[in-house]
Amino acid sequence: MTMTPTGVKAVEILDSRSRPTLAVTITLDDGTTARAGVPSGASTGSREAVERRDGDPSRYAGKGVLGAVGAVNGEIAEAICGRTFTDQAELDRVLIDLDGTENKARLGANAIVGVSMAAARVIATAAGLPLWRTLNPSGVTPRLPVPHFNVVNGGVHAPNELDFQEFMVAPLGAPTMAEAVRAGAEVYAALRDLLASRGLATGLGDEGGFAPEIDQPEEVLDVLVQAIDRAGYRAGRDGVAIALDPASSEFYRDGVYRVAGESLSSDDMIDRYAEIVERYPVWLLEDGLAESDWDGWERLTTRLGAKVELVGDDILCTNPVIITEAITRKVGNASLIKVNQIGTVTETLEAIRICREAGWAQFVSHRSGETEDTFIADLAVGSGCGQIKSGAPARGERVAKYNRLMEIESAVALAYGIARNG
Ligand code: PGA
Ligand code: ZN
């Protein structure tokens, strides 16, 4: 289906962390319009596509995005308005070429991804289809993904002493999306009560999870298992499992990992994870080692790859070239998928395809700075990948995605759960 944009307009809005980001609206010649909100990360990989920020200290401490807004309303509008595109890939190619840099730094990855996401949505709207249908490659069965609820926040997402960034609960054993969301919310409520009964704070981190003053990861895992039990679920793969994203690049310096005051080598970390996996129902480990520690990642994959889904986030950056290298080197067995990390919808779909064809899992993800946009819910369904993370079952920008998934489920009968062999 072709599309001819007649207008593209960006506005500076706020993300969930009170930092500026962009909302982009595209209008087609037939009057169809669609909008996208641009997410933004805090624990970013060094090889991510680069957000353009104004750097003007008199506005938002330099974090304004008026330059990126100007790029959309100026150069990009000029390049795409009045031109007919055969598909998303052609439009994205024009954006990439117009930018001309390796990492989208000139126009700004935030400008480019906003236009690319809005284009994907306007294509679906013009076709009268839900977005997930137009993000569904031929031959791939769409499915409802297992939601991974980030219920305890640490690292750079919270002001506590906890070095590991994310502790997630994943209702792998739920029969439906609706029951999975219910399990997440009930565990979250039980966890709040448990923390409060121990006199721990129940204030929230950036992704809506609690941010208690606990420094040892194992202590959090103990409380989580109790919360799952107290909510009436079985802790494990046939019930509610646990997923971890230590985001370890953030506490890796000079070849050493610093966890709760201890200095650990890559092999110490691998031993620690091996013990954790023995003791707790942890089914997934994301960024267990740092983005620069490829040798450590190889050993981690040899040791735990058969037992645990090992997801690369900072190390892979949703980048098809880096993912291909990781597949060859047997570094990890799954990739996190963040649209703004690579900067266009087309490259995101390419990253997903490469993973699928290599037998790697794909884990669709929000960012710690979000808008109410539900794009990733549809991306997860259309890709058929079977897993998504969008933070806690709390806060509007997080639950918007889970609510969208329940609405998709209520409209169409789709299978729920982890995809086996694509
Ligand atoms: P970010 O973190 O959005 O702050 O980069 C998310 C993650 O590490 O998965
Ligand atoms: Zn991560």
Side-chain angles (χ1 to χ4, degrees), residues 15-19 21 37-51 53 63 109-110 113 145 147-159 162-170 204-209 211 217 242-252 257 273 282 284-293 297 300 308-319 322-323 326 331-343 348 351 361-371 373 375-376 379-380 385 387-392 395 397-398 401:
D15 73 13
S16 57
R17 231 181 336 229
S18 196
R19 290 184 190 154
T21 187
V38 175
S40 172
S43 62
T44 49
S46 63
R47 293 160 88 184
E48 285 195 24
V50 172
E51 279 180 345
R53 300 264 173 201
K63 294 198 185 298
N110 43 354
V113 82
H148 287 59
F149 300 102
N150 183 8
V151 294
V152 174
N153 293 184
V156 300
H157 292 168
L162 185 61
D163 296 303
F164 281 21
Q165 181 179 280
E166 302 175 19
F167 294 76
M168 295 169 269
V169 290
L204 305 183
D206 288 353
E207 297 189 349
I242 295 174
L244 292 177
D245 178 8
S248 64
S249 301
E250 297 292 332
F251 53 83
Y252 183 65
Y257 294 88
Y273 292 134
V282 169
L284 178 153
L285 174 63
E286 175 185 330
D287 280 2
L289 296 175
E291 61 168 315
S292 56
D293 189 6
W297 264 97
L300 174 68
V308 183
E309 186 170 301
L310 298 172
V311 182
D313 173 12
D314 289 355
I315 189 173
L316 303 177
C317 294
T318 318
N319 185 315
I322 306 175
I323 291 171
V331 155
N333 55 29
S335 179
L336 207 68
I337 299 292
K338 291 166 164 172
V339 186
N340 81 322
Q341 216 173 19
I342 185 67
T348 305
Q362 315 111 55
F363 189 12
V364 170
S365 172
H366 66 152
R367 299 308 301 248
S368 51
E370 269 292 334
T371 73
D373 192 316
F375 192 95
I376 59 165
L379 178 64
C385 72
Q387 44 190 119
I388 189 171
K389 66 170 186 173
S390 175
R395 297 181 40 146
E397 78 283 0
R398 310 296 150 186
K401 282 70 162 172

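Numbering of ligands and ligand atoms starts at 1, following listing order. Reckoned from all heavy atoms, side chains included, excluding hydrogens, waters and symmetry mates.
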How many angstroms lie between atom [atom1] of [X] and atom [atom2] of [Y], to the nearest 0.5 angstrom?
| X | Y | atom1 | atom2 | result |
| --- | --- | --- | --- | --- |
| T318 | R47 | OG1 | CZ | 12.5 Å |
| T371 | H366 | OG1 | NE2 | 12.5 Å |
| I323 | Q362 | CD1 | CD | 9.0 Å |
| D293 | I315 | CG | CD1 | 8.0 Å |

For [X] versus [Y], what's the shortest heavy-atom pair and its separation?
| X | Y | value |
| --- | --- | --- |
| L162 | V152 | CD2-CG1, 3.7 Å |
| R367 | R398 | O-NH1, 2.8 Å |
| K389 | S365 | CE-OG, 3.3 Å |

- prompt: Mind checking whether Q165 has a heavy atom under 4.0 Å from ligand 1?
  reply: yes
message: Using heavy atoms and a 4.0 Å limit, tell me yes or no: is S365 in contact with ligand 1?
response: no
- request: Give the residue, atom name and distance (to 0.1 Å) of the protein heavy atom nearest atom 5 (O) of ligand 1.
  value: R367 NH2, 2.6 Å
- request: Quick one: do R17 and H157 satisfy side-chain contact (heavy atoms from CB on, under 4.5 Å)? Show the steps, please.
  value: CA-CA 10 Å; R17 231 181 336 229; H157 292 168; 4.2 Å; yes
- line: Out of S40, P39, A42, the nearest non-hydrogen contact to atom 1 (P) of ligand 1 is supplied by A42
statement: Taken in chain and number order and not counting sequence neighbours, the residues that satisfy salt bridge (charged side-chain N to carboxylate O under 4.0 Å, His left out) with D373 are R121
task: For the Zn ion (ligand 2), count the protein N, O or S atoms found under 2.8 Å away.
output: 3
field: Which segment of E286 sits under 4.0 Å of ligand 1 when only heavy atoms are counted
entry: side chain
message: Counting only heavy atoms closer than 4.0 Å, does ligand 1 sit against the backbone of D206, its side chain, both, or neither?
response: neither
field: Subset of ligand 1 atoms that lie under 4.0 Å from at least one heavy atom of S43
entry: 1 (P), 2 (O), 4 (O), 5 (O), 8 (O)
